[in-house]
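Heads up, the thing below is written out as structure tokens.
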Number of protein chains: 2
Amino acid sequence: MDTPADTPRVRDPTRTREKILDAAQALILDHGFAATTVDAVVGRAGITKGAFFHHFTSKSDLARALVERYAALDRAHLDERLARARKLSSDPLQQVLLLIALFEEEFASHQEPFGGCLFASYIYEAKLFDEATLEVLRDSTLLWRRVMLEALEKVAARYPPRREVDMEALADLFYSLTEGAFIMTRTLGDKSLLGRQARHLRTYLELLFGPAPEPPRTPAS
Amino acid sequence: MDTPADTPRVRDPTRTREKILDAAQALILDHGFAATTVDAVVGRAGITKGAFFHHFTSKSDLARALVERYAALDRAHLDERLARARKLSSDPLQQVLLLIALFEEEFASHQEPFGGCLFASYIYEAKLFDEATLEVLRDSTLLWRRVMLEALEKVAARYPPRREVDMEALADLFYSLTEGAFIMTRTLGDKSLLGRQARHLRTYLELLFGPAPEPPRTPAS
DNA sequence: GCGATTATACCGACCAGTTGGTATGTTGCA
DNA sequence: TGCAACATACCAACTGGTCGGTATAATCGC
């Protein structure tokens, strides 16, 4: 199905398609969808308009294809971290804490100028997209909720939370925090924000589900 | 300086200006800035293009004026809640908890279809705006950080936190959570999200700074 | 008070540049 | 040789912005 990458070819349709998607994504995250012109995309991808409309029937078609690729990557990424967290510990609480820590780790190591989230970009231009495209956003958001909720239910089953809490909202917390931190990062240009805020979520979960309340810290620390 | 509101006038420039800003804000939150045409704005505001360009020299001028109004309202709003929280309690921890609770309360009572945040809308089309406009976003974000940080420092001074925490990141949590919850709300159409997630932030602060660790809850609750 | 004068608020047709999209041609690979 | 993968030239629709003009309000001499 996939063509070998080492074979030099003049024409490589799947590669061309990816180049278009890459260019579009970078441009959209900075300018939004509406202000990202097809000409700008083909310019950045180093191709021509003819090639673009050979691969995509319209600009909206590009929008849908792009967000579908993004969602698939997002999902694969989440699954992979989840699998790693499960391998690293068998304790449900540790698994959740590790999952968050793995994301922290990654965001800290990112050296790119920083991307932001395509979902958020789309949702603030929601009226421009068709139902199928918006459905991808909903599905992705609900996937995060479901995954986190399942993980947290297991935690709560073993470690009764110290307070009665809204579990669904707790599950949504990581997604919300991530999106919010993306916005702050883009606004202030401080890449450390996401990791530092995710750290707080971990602390919260530790305090909420943690096995034993720590002794009060000495005032003169 | 200001004209009486009850006098019906054929011409009311300040009102016209506000109508333009209102129309623009509503359209921008749904379509983004680029896709919001001047024609659409004047159509919604019930005026003409001539009137628009009488009040604003360009579309970018509108963008700046709009975000400045939004930021001023945001700031006034924050100040008011802060003052209320301070009147309701003299305890620094209670003040912060009350501040968050006041926002929860308000978002729950909102019956509009829901707006979203203009700052977030702008930041995902950042390349379209000039430096002065983006500066408003930064200032507003830093204002939130400063206000929350000051409040939290007072809390920490009286109630040593149970864990060593990053205070600045803690201060940013509310802003992040709000922005993230806005995005989730727009995606899923569930207005309750923000309030429910803010509730978790309160719980976190209670657990972190709370006077005494609660006894572990009975497993069969 | 009041008419003349000026400044402000607003109108809507128009323009030049840009946009997404197409029609038609050319090139490389199976 | 046939067809997918591109390139080029082009178009109709739309965009932000302009401009000449008109109606209303504020100012001021008297």
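Convention: sequence-line order gives letters A, B, ...; per-chain numbering from 1. Heavy-atom basis, side chains included; hydrogens, waters and symmetry copies ignored.
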> Have B:Thr141 and B:Asp139 got a donor and an acceptor in their side chains that come within less than 3.5 Å?
Replying inline: no
> Have A:Arg81 and A:His77 got a donor and an acceptor in their side chains that come within less than 3.5 Å?
Replying inline: yes
Atom [atom1] of [X] and atom [atom2] of [N]: how far apart are they, to the nearest Å?
X: A:His31; N: C:dT19; atom1: NE2; atom2: P; result: 11 Å
X: A:Ile20; N: D:dA5; atom1: CD1; atom2: C1'; result: 11 Å
X: B:Ile47; N: D:dA23; atom1: CD1; atom2: P; result: 19 Å
X: A:Arg17; N: D:dA4; atom1: CZ; atom2: C1'; result: 15 Å
X: A:Asp61; N: C:dG20; atom1: CG; atom2: P; result: 14 Å

Distance below 4.0 Å between [X] side-chain N/O and [N] OP1 or OP2:
X: B:His55; N: C:dT8; answer: no
X: B:His54; N: C:dA9; answer: yes
X: B:Thr16; N: C:dA9; answer: no

> Along nucleotides 10-19 of chain D, 5' to 3', which nucleotides get a B, which get an S, and which get a -, given that the test is a protein heavy-atom distance under 4.0 Å?
Replying inline: -----SBBB-
>> For A:Glu104, run the side chain to side chain donor-acceptor pair (under 3.5 Å) check against A:Gln197, A:Arg199, A:Arg202 and tell me which one passes.
In response: A:Arg202
> C:dC11, C:dA9, D:dA7: which one has an atom nearest the side-chain heavy atoms of A:Ala51?
Replying inline: D:dA7
> Does the separation of the ring centres of B:Phe129 and A:His31 fall below 6.0 angstrom?
Replying inline: no
> Is NZ or CZ of A:Lys59 both nearer than 6.0 Å to the six-membered ring centre of A:Phe52 and within 45° of the ring axis?
Replying inline: no
> Are A:Arg186 and B:Tyr124 in a cation-pi setup, meaning NZ or CZ lies under 6.0 angstrom from the ring centre and within 45 degrees of the ring axis?
Replying inline: yes
